[in-house]
Amino acid sequence: MDIYGIPALLYYYPSDMANYCNNPTECPNYNTKGLKNDPDIAKYSGCPTSDDAHMQHMFTAINEILNAVETAGVYDGRQSLLRKMTFREQRNFMQEQYVTKANGKAEFEMSPLSAVTVLSTEYLMNYLSQYEDRNYQIGELLRQRDETVFYQVNAKFRGDPYPGALAAIDYLTCRDGKTYEDRQKNLVLVFGKIVVDNEQRTIKIVDEKGSTIDDFFKTVIDSENHNLLTKRYKDLRNFEIPRYFMQARYGSTYSKAKHIRVFSYFADGVLFPDGALWRDG
Amino acid sequence: MKEEQVTKAILEWLISHKWKIVCFDFPQSGTGRILHPNNGNYDKNKDAIIPDIVALKNRVCVFFENKNRFYRPDFEKQNAIKNGNEYDEAIMNLLKGYSVDSIFWGIGLPSANHKQGSKNAAHLVDFIICVDEDKTIHAAYNPLGISFE
């Protein structure tokens with residue numbers, strides 16, 4: 001919210017949590033995991049009950065958004081929202097909840113920042129020097145930032161929850177502007193275990209969970225099934241033409257798997273025990 | 001038609017015919033009830049199943065597996081649960097408090113996708129309920145004469 005000036009709000013799903021957190025098996029909605037769903041399953045299957053105070057507050061906020069957009073248009077309407085009490089109240093509530101649940105813990109002691117190591121960029125460049133040779137030197141983009149945030153994901157390559165966590169880490173520790181280029185620190189995603197070598201001022205990446213760059217490449221290759229740009233016009237079916245036209249404009253952006261897109265957008269580098277990808281220039 | 005639409009249409013149809021919905025699930029709903037195999041590890045979901053609809057009426061219980069297309073593994077899964085007892089503990093627990101004489105296992109899918117494949121696999125299940133584009137529902141396969149309506 002501080003960067004974009006646009007509210008980003010979370011609302012609790014209605015549940016028996018408040019009154020039954022110490023004796024969950026006795027909660028009235030035990031059959032639905034303690035969640036309060038709308039009783040009209042035919043009309044609102046899978047929806048929360050609308051009677052709940054949090055849901056009522058959310059509907060109020062949605063109505064405010066609609067009013068603001070109808071009055072002032074999308075951009076100006078959106079920019080006006082943080083002045084409204086409905087949004088300020090929810091933002092204050094979220095901050096109170098954060099403090100309560102942190103229970104004295106510092107930010108870096110909680111997920112996802114507990115998986116982060118911040119080092120001088122010198123460590124990153126020394127690690128990546130293995131990919132430099134007489135004909136190729138890594139450019140200035142990474143070097144121009146003094147520090148690098150390493151997000152350690154000691155797991156096999158996959159998406160959820162890591163793309164969301166990567167984006168959160170960007171906003172929490174690296175970003176000071178509206179685009180991913182507005183960063184004070186580099187953001188590097190590591191699939192593997194980071195071992196810091198302070199003597200050599202570099203890092204090692206150890207495979208403990210089967211992390212391999214081949215999984216990243218396989219996912220990208222598999223996405224290429226959706227790439228129409230290699231087809232000739234006579235091979236396109238009519239319903240594929242608009243998609244071809246879009247891909248001619250944007251390339252393969254919208255045909256890649258979501259987690260590949262998110263990692264590639266947010267990370268300045270992605271490191272594996274057996275390979276690396278990085279931004280240059 | 002998405003799986004969610006198939007499930008919601010069948011839910012509405014069952015409710016309109018006075019079935020009691022025990023539980024239901026569709027992608028991203030978060031409402032599904034996980035059934036673990038007997039002696040399963042309840043901390044992990046390996047081999048666990050989540051029925052798409054479980055409904056009750058007149059001491060008859062129906063378990064649905066729904067899809068937006070024919071998918072033979074669903075038919076085989078329903079057949080395995082019907083004929084085996086691997087999930088009996090979880091099923092008994094789910095239906096605790098309800099009076100049930102018989103349980104039937106079947107499939108829900110769009111009418112447009114009930115073709116030769118699902119007709120050939122029909123013998124694996126107790127019923128096939130089809131959903132038309134305009135959400136009208138009919139029992140395409142119901143050899144046991146389950147009284148849905």
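Hydrogens, waters and symmetry mates are skipped; everything else that's a heavy atom, side chains included, is used. We name chains A, B, ... by the order of the sequence lines, and we start the count at 1 in each one.
Heavy atoms of other residues, nucleotides or ligands lying less than 6.0 angstrom from CD of B:Q28 number 12 at most. Crowding of A:Y30 atom OH: a count of heavy atoms from other residues, nucleotides or ligands under 6.0 Å not exceeding 12. By the 6.0 Å contact criterion, CE on A:M246 is enclosed, its count of non-hydrogen atoms from other residues, nucleotides or ligands being greater than 12. Within a 6.0 Å radius of CZ in B:F148, more than 12 heavy atoms belonging to other residues, nucleotides or ligands are found. By the 6.0 Å contact criterion, CZ on A:F217 is open, its count of non-hydrogen atoms from other residues, nucleotides or ligands being 12 or less.
Atom CG of B:L94 is separated from atom CG of A:N31 by 8.0 Å, given to the nearest 0.5 angstrom. A:T32 OG1 to B:R33 CZ: the interatomic distance, rounded to the nearest 0.5 Å, is 8.5 Å. Within the model, atoms CD1 of B:I34 and NZ of A:K33 stand 5.5 Å from one another, a figure rounded to the nearest 0.5 Å.
Only the side chain of A:N37 comes within contact range of chain B, with at least one heavy atom under 4.5 Å from a heavy atom of that chain.
Highest contact tally toward chain B, considering only A:S45, A:G46, A:A42, is held by A:S45 [criterion: heavy-atom pairs under 4.5 Å].
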